[in-house]
There are 2 protein chains.
Amino acid sequence: MTDLERQPLSRTAILDAGLRLADERGLAAVSMRAVATEVGVTPMALYAYVGSKAELLDGLVDRMLGEYLPESFTVAGIGWPDRLRRVADGARDMARRHPTAFTLLFDRPAVTSDAVRLVDFVYQALLDAGVPDAHVPRLERLFTTFCLGYALSEVNGRFGAGTVDPRGRRAQAAAGSVPAHLRLATYLDQAVDWDSEFEADVEDLLALVARATV
Amino acid sequence: MTDLERQPLSRTAILDAGLRLADERGLAAVSMRAVATEVGVTPMALYAYVGSKAELLDGLVDRMLGEYLPESFTVAGIGWPDRLRRVADGARDMARRHPTAFTLLFDRPAVTSDAVRLVDFVYQALLDAGVPDAHVPRLERLFTTFCLGYALSEVNGRFGAGTVDPRGRRAQAAAGSVPAHLRLATYLDQAVDWDSEFEADVEDLLALVARATV
DNA sequence: ACCTGAACACCGTTCAAGT
DNA sequence: ACCTGAACACCGTTCAAGT
């Protein structure tokens with residue numbers, strides 16, 4: 001910690017401190033003031049490196065994508081379905097690694113060189129699958145948008161338990177306004193295995209890709 | 001405005017003021033203090049109705065879902081594909097109506113009675129499509145997660161223009177690290193029609209649903 | 001060139017009073 | 001029962017100095 005404070009001030013050191021703060025105390029704890037004390041400097045010293053709070057948050061996206069794109073993202077000897085599965089799993093891993101910063105991925109297009117390389121990796125997999133050139137960009141967005149949306153739903157609580165008001169639910173059931181819930185009650189009472197659900201979703205999307213072939 | 005301030009204080013009035021603030025000045029402008037002055041009261045008076053800032057934001061989700069679920073969401077005389085298309089379009093409409101508050105939908109599970117009715121509507125469409133009971137909840141999440149993720153990407157800027165550094169991109173192209181981008185250049189330079197792209201995505205997912213039939 | 005310090009206009013929330 | 005006012009510990013950012 002004291003060692004970290006002593007390393008020379010740099011954009012990277014600032015962003016890493018921001019990401020660390022987000023992971024440890026939540027995205028709301030990432031303030032210019034908190035990041036500044038983390039790197040051992042006054043808040044105003046940060047502005048020379050990151051310009052503004054908004055730019056700092058954009059920078060967190062770069063850092064996350066940087067570690068999300070290991071060198072193992074390579075085409076050599078891996079079929080396109082396994083490559084897409086790898087991308088899908090990577091999105092979820094990233095959400096678990098950075099649960100509160102993850103949402104920032106929805107704020108900016110893929111413009112950094114790491115981001116573009118990642119998109120290219122997906123493009124190549126779709127091309128290898130036989131998807132016509134004209135449909136590749138759309139299917140890339142379809143696939144990654146689903147993966148990011150699923151991961152965000154998990155870490156942000158949309159898929160969470162959710163304390164349903166039992167009284168209200170019984171009233172709705174009695175009023176017959178949720179007939180499908182009644183029919184599916186057996187399945188809705190079971191705990192969901194989110195890993196297998198995601199896997200099944202990805203397999204469905206891979207089938208979609210295979211169907212989009214010429 | 002003066003009329004609005006005069007109406008009796010209530011949870012609903014407070015939430016509507018919050019949503020109005022979000023739409024007009026962004027989610028960041030929704031502070032306890034701003035909402036309070038909007039309804040003509042002192043910040044601390046809100047706490048009796050909404051408990052905390054977090055609860056206030058949860059309440060915004062209820063209000064959004066409430067207007068998202070018009071009475072026209074009915075099964076009568078509409079085939080399951082059209083019903084799912086309606087849900088998909090509704091998600092995007094909602095994002096455009098409440099561009100900054102929309103992201104809150106990822107924060108909480110569907111627990112209010114409006115939310116549950118909406119989920120039931122999708123369940124019923126999937127059942128009518130012939131999807132086996134055991135797969136209906138998963139496919140509901142697959143479908144809505146994609147729609148919400150797409151809409152969020154649009155309003156939050158992930159699908160935005162994105163000022164790519166031309167220098168960096170040329171360097172990547174020269175280095176051969178983005179081969180698929182080079183091959184797809186013709187398509188990547190075209191402006192995207194986000195309406196038709198979403199429509200095509202939804203049709204692909206409907207095909208997936210049809211395939212999931214017994 | 002790089003950093004500090006004071007100041008401005010904000011936050012959410014606690015607590016003790018008021019009516 | 002419902003609301004206010006002062007206070008506490010925070011925000012991002014500006015501007016003028018310091019070295």
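Order of the sequence lines sets the chain letters (A, B, ...), proteins ahead of strands, with each chain counted from 1. Computed from a predicted model, the values in this text were never measured in an experiment.
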- Query: Are any of T42(B)'s side-chain N or O atoms less than 4.0 Å away from OP1 or OP2 of dC3(D)?
  - Reply: no
- V41(A) side-chain proximity, nearest of dC3(C), dA6(D), dT13(D): dC3(C)
- Task: Give a yes or no on whether the backbone of L142(B) and the side-chain of T145(B) come within a donor-acceptor separation of less than 3.5 Å.
- Result: no
- Task: Kindly write out the residues that satisfy salt bridge (charged side-chain N to carboxylate O under 4.0 Å, His left out) with R33(B), not counting sequence neighbours, or none if the list is empty.
- Result: none
- Return the value, rounded to whole Å, for the distance between atom CG of L21(A) and atom P of dC11(D). 10 Å
- From CE of M32(A) across to C1' of dC3(C) the rounded distance in Å is 14 Å
- Query: Nearest of dC3(C), dC2(D), dC11(C) to any side-chain atom of Y49(B)?
  - Reply: dC2(D)
- Among dT13(D), dC3(D), dT13(C), which nucleotide sits nearest the side chain of R33(B)? dT13(C)
- Nucleotide nearest M44(B) (side chain, heavy atoms from C-beta), chosen from dG12(D), dT13(C), dC3(D): dT13(C)
- Charged N to carboxylate O below 4.0 Å: is that the case for R85(B) and D82(B)? yes
- Task: Quick one: sort the F198(B) and Y150(B) rings into parallel, tilted or perpendicular, breaks at 30° and 60°.
- Result: tilted
- More than 12 foreign heavy atoms under 6.0 Å from CZ of R96(A): is that the case here? yes
- Would you call the rings of H181(A) and Y123(B) parallel, tilted or perpendicular if under 30° counts as parallel and over 60° as perpendicular? tilted
- Task: Measure from NZ on K53(A) to C1' on dC10(C) and round the result to the nearest Å.
- Result: 13 Å
- Message: Classify A48(A) by what it touches in the nucleic acid, base, sugar-phosphate, or nothing, heavy-atom distance under 4.0 Å.
- Response: nothing
- Message: By nearest atom, which of the nucleotides dC3(C), dC3(D), dG12(D) is closest to the Y47(A) side chain?
- Response: dG12(D)
- Query: Given that both pair distances must be under 3.5 Å and the pair must be Watson-Crick or G-U, what runs of three or more consecutive pairs involve DNA chain D?
  - Reply: C:4-8 with D:12-16, C:12-16 with D:4-8
